Amino acid sequence: MYPIRGIRFKCWVCSDYDLCANCESFGKHNPTHPLLKMNRPIGALRPHDSNDLTGMHECNSNDSSSSGATNSGGNSYHTSQYNNNSNNNNNNNNNSSSTYGARRGGCRKWMRFANAMEKVFRRDDDQTTVSTTSNEGSCKYANKNNNKNKKGRLMAEFVKDVSLPDRSYYPTDTILEKTWEMKNTGTIEWGDGVELVFLKGDEILSLEKRYLVPNAKPQECVQISAMIRTPTTPGRYCAYFRLQKNGNKFGPRVWVDLFA
């Protein structure tokens, strides 16, 4: 991918050879070559001379060339570069020394560049660790608050109908009392101020919109009642109710379903 976007991988062996994250993940480069991961661009630290990107293998090759060593099998690139004329030994030695010095200086610049980048990456890692630790601390604090809120939450559960079974028939214009049995499934008692409020349905059934509810301790069952009046017109009617405290509803909906 050109230009490279995101994370860049620079080869430590090949001269001026970079990979993007996708190419590196597909293994498109020699797996034996070490790669330097660059999380973000560092223009100020990047060398401007192409000799600065000379790989370490060239330094090693130059060392062997300056010491007079040659490669077997006819491969004598460095020997031919610094010893073009066997009759001019002095000139060859001077050229070899100057080239070796330039190459070695490029290697030193490359190592300084790599060390500088390593310090920057280490600093970024330290900042990431601090940020992660602070986030974990805030998450722990948020979890404590959530657990605290969950612990103090009002809860209820429907147990059974005590009176007026669903879809029963009753005379018109008759006052009845509908009773449900509810259980406090939370960890705190309901306390005072809990009401059974009309939620939706046939409002004509309920004589009141709110009914007081007795206090219930954790895991205790109580009976909750609402006064019902059957309409004068025959038919099927249904009204829904729910528990409420300080404007906050909790527990399941309960209903009265009957035929007048």
Side-chain angles (χ1 to χ4, degrees), residues 6 21 39 124-260:
N39 293 324
D124 292 343
D125 293 339
D126 294 340
Q127 293 177 354
T128 304
T129 303
V130 173
S131 176
T132 304
T133 304
S134 61
N135 291 335
E136 290 178 353
S138 61
C139 291
K140 291 179 180 179
Y141 180 74
N143 291 333
K144 289 181 180 179
N145 290 337
N146 293 335
N147 294 333
K148 183 178 180 179
N149 294 334
K150 186 175 180 181
K151 183 178 180 180
R153 181 181 175 185
L154 294 176
M155 301 180 67
E157 182 182 78
F158 171 78
V159 179
K160 64 179 180 179
D161 289 310
V162 178
S163 64
L164 304 184
D166 292 343
R167 292 177 293 279
S168 300
Y169 288 83
Y170 300 95
T172 58
D173 197 15
T174 303
I175 297 178
L176 305 170
E177 183 180 12
K178 172 65 178 182
T179 302
W180 304 269
E181 185 173 329
M182 305 284 288
K183 181 179 181 180
N184 182 357
T185 56
T187 58
I188 62 173
E189 62 181 20
W190 292 349
D192 299 331
V194 178
E195 300 174 321
L196 181 69
V197 298
F198 173 80
L199 194 61
K200 65 178 182 177
D202 297 316
E203 189 176 355
I204 193 174
L205 282 177
S206 180
L207 293 179
E208 302 289 342
K209 291 186 177 181
R210 299 174 183 273
Y211 301 93
L212 292 178
V213 174
N215 181 28
K217 296 180 180 180
Q219 308 305 316
E220 181 183 1
C221 295
V222 295
Q223 291 186 358
I224 302 171
S225 300
M227 300 306 297
I228 303 299
R229 184 170 187 173
T230 58
T232 57
T233 303
R236 183 180 178 181
Y237 299 90
C238 185
Y240 293 84
F241 301 85
R242 195 176 181 188
L243 295 175
Q244 175 181 286
K245 183 175 182 179
N246 298 329
N248 298 321
K249 296 179 176 61
F250 67 96
R253 294 179 298 176
V254 294
W255 59 86
V256 53
D257 185 7
L258 56 80
F259 288 92

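As a basis for the values below, the full set of heavy atoms in this structure was taken, side chains included, without hydrogen atoms, waters or symmetry mates. Being a predicted model, the structure only gives us computed values, none of them experimental.
- A donor-acceptor pair shorter than 3.5 Å cannot be found between the side chains of Thr230 and Thr172.
- Here the straight-line distance linking atom CD of Gln219 with atom OG1 of Thr187 works out to 9.0 Å at 0.5 Å rounding.
- A donor-acceptor distance shorter than 3.5 angstrom exists from the side chain of Ser163 to the backbone of Glu177, with no hydrogens or angles considered.
- In this structure, Met182 and Ala156 approach most closely via the heavy-atom pair CE-CB, 4.2 Å.
- Every side chain to side chain contact (heavy atoms under 4.5 Å, CB included) that Leu164 has, sequence neighbours left out, goes to Tyr170, Leu176, Lys178.
- Within the 4.5 Å cutoff, side-chain heavy atoms of Met227 are placed close to those of Ile175.
- Using a 4.5 Å heavy-atom cutoff, the side chains of Trp190 and Lys245 are not in contact.
- By the salt bridge (Lys or Arg N to Asp or Glu O under 4.0 Å) test, Asp173 is found to be paired with Arg229, residues two or more places apart in sequence or in another chain being considered.
- Here the side chains of Pro218 and Glu189 are in contact, with some heavy-atom distance below 4.5 Å.
- The CG atom of Leu154 sits 8.5 Å away from the CG atom of Asn246 when rounded to the nearest 0.5 Å.
- Contact record, Glu157 with Thr185: CB-CG2, 3.5 Å, taken as the closest heavy-atom pair.
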Cut-off 3.5 Å, no hydrogens considered: what does the side-chain donor-acceptor table look like for residues 253-260, sequence neighbours left out?
from: Trp255; atom 1: NE1; to: Asp166; atom 2: OD2; distance (Å): 3.3
from: Asp257; atom 1: OD1; to: Arg236; atom 2: NE; distance (Å): 3.0
from: Asp257; atom 1: OD2; to: Arg236; atom 2: NH2; distance (Å): 2.6

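- Counting heavy atoms from C-beta on, the side chains of Trp180 and Val162 never come closer than 4.5 Å.
- Distance CG/Leu207 to CD1/Ile228: 7.0 Å, rounded to 0.5 Å.
- Proximity of Leu196 to Leu243: side-chain heavy atoms (C-beta onward) are separated by under 4.5 Å at one or more points.
- Using a 4.5 Å heavy-atom cutoff, the side chains of Gln223 and Pro214 are not in contact.
- Listed by chain and residue number, nothing satisfies the salt bridge (Lys or Arg N to Asp or Glu O under 4.0 Å) test with Lys200 (two or more places apart in sequence, or in another chain).
- Residues Cys238 and Leu205 come closest through the heavy atom pair N-CD1, 3.7 Å.
- A distance of 6.0 Å separates CG of Asp192 from CG of Asn215, quoted to the nearest 0.5 Å.
- Applying the ring pair (Phe, Tyr, Trp, His ring centres under 6.0 Å) definition to pairs two or more places apart or across chains, those involving residues 191-237 are Phe198-Phe241.
- With sequence neighbours left out, Glu181 forms a salt bridge (Lys or Arg N to Asp or Glu O under 4.0 Å) with Lys160.
- Within the 4.5 Å cutoff, no side-chain heavy atoms of Gln244 are placed close to those of Phe250.
- Closest heavy-atom contact between Asn184 and Met155: OD1-O, 3.2 Å.
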